[in-house]
Amino acid sequence: LLQHEAAYINYENKQLSKGSFDEDQILGWRKNILKFKDESYKVVFERISHWYGVEFIYDENLDAKVLYSATYHEQKLDDVLQGLSYASDLKFQIKSDLVYVSQ
């Protein structure tokens with residue numbers, strides 16, 4: 001079994017460390033895999049924004065303690081948002097390249 005490793009930097013104490021990583025989470029874009037593992041809404045929205053070329057409009061005070069995990073393979077934006085909505089009770093409305101998020 002091939003173990004993947006990466007270098008990580010802690011910006012607070014300027015320490016460099018080495019550790020393993022989830023290949024699909026980091027490099028999945030090469031196989032059209034969008035994977036989230038215990039990610040905050042902010043990170044999820046940023047990654048979906050880059051993936052699909054949309055911008056999220058949302059209240060920055062969304063529950064920061066909620067973490068989302070899911071894997072999507074060659075899914076349309078609507079399908080990804082539907083899965084996120086089901087898991088989070090958030091609602092999404094797409095208008096052009098903007099995605100409005102409400103609770």
Side-chain angles (χ1 to χ4, degrees):
L1 181 66
L2 181 62
Q3 179 73 24
H4 299 285
E5 292 187 332
Y8 300 94
I9 187 164
N10 181 324
Y11 289 102
E12 292 178 15
N13 62 17
K14 309 284 191 239
Q15 294 294 314
L16 187 64
S17 62
K18 182 173 76 169
S20 62
F21 70 94
D22 183 321
E23 181 181 9
D24 284 342
Q25 189 177 5
I26 304 298
L27 303 172
W29 59 270
R30 298 185 305 182
K31 299 182 281 183
N32 289 322
I33 295 173
L34 179 59
K35 184 172 185 177
F36 303 104
K37 185 175 180 184
D38 298 329
E39 307 283 0
S40 69
Y41 288 140
K42 181 179 180 181
V43 170
V44 170
F45 296 160
E46 286 175 359
R47 292 192 48 217
I48 293 173
S49 291
H50 293 302
W51 193 274
Y52 293 98
V54 295
E55 180 181 346
F56 280 80
I57 308 298
Y58 63 98
D59 183 350
E60 295 283 334
N61 295 319
L62 280 178
D63 190 3
K65 296 178 184 176
V66 175
L67 299 177
Y68 181 66
S69 296
T71 301
Y72 300 97
H73 184 249
E74 296 182 0
Q75 297 290 309
K76 296 181 209 173
L77 175 60
D78 288 339
D79 296 333
V80 172
L81 295 179
Q82 185 175 1
L84 182 55
S85 177
Y86 180 76
S88 67
D89 292 329
L90 296 175
K91 295 175 180 62
F92 300 94
Q93 184 175 18
I94 303 170
K95 291 185 178 178
S96 187
D97 62 347
L98 298 176
V99 177
Y100 295 90
V101 182
S102 60
Q103 291 183 310

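- Annotation for Q75 and Y52: closest pair O-OH, 2.5 Å, computed over non-hydrogen atoms.
- Separating the CD atom in E55 from the CG atom in L98 is a distance of 5.5 Å, to the nearest 0.5 Å.
- Grouping the Ile, Leu, Val, Met, Phe, Trp and Tyr side chains by contacts below 4.5 angstrom, directly or via other members, places V66 with F45.
- Contact record, Y68 with V44: CD2-CG2, 3.9 Å, taken as the closest heavy-atom pair.
- Taking the side chain as every heavy atom from C-beta outward, Q103 and L90 approach each other to under 4.5 Å.
- For the side-chain contact (heavy atoms from CB on, under 4.5 Å) with F92, the lone residue among L81, L77, V80 that qualifies is L81.
- Put simply, the side chain of V99 does not reach to within 4.5 Å of the side chain of I48, judged on heavy atoms.
- Taking CZ from F56 and CG from D97, the interatomic distance works out to 11.5 Å, rounded to the nearest 0.5 Å.
- There is no path of hydrophobic side-chain contacts, each under 4.5 Å, that joins L84 to V43.
- Annotation: the span from L67 atom CG to S88 atom OG amounts to 12.5 Å, rounded to 0.5 Å.
- Annotation for E39 and R47: closest pair OE2-NH1, 4.0 Å, computed over non-hydrogen atoms.
- Atom CD of Q82 sits in a sparse spot, with 12 or fewer heavy atoms from other residues, nucleotides or ligands closer than 6.0 Å.
- Side chain of S49 to backbone of V54: a donor-acceptor contact under 3.5 angstrom is found.
- Annotation: Y58 is not in aromatic contact with Y41 [ring centroid separation under 6.0 Å not met].
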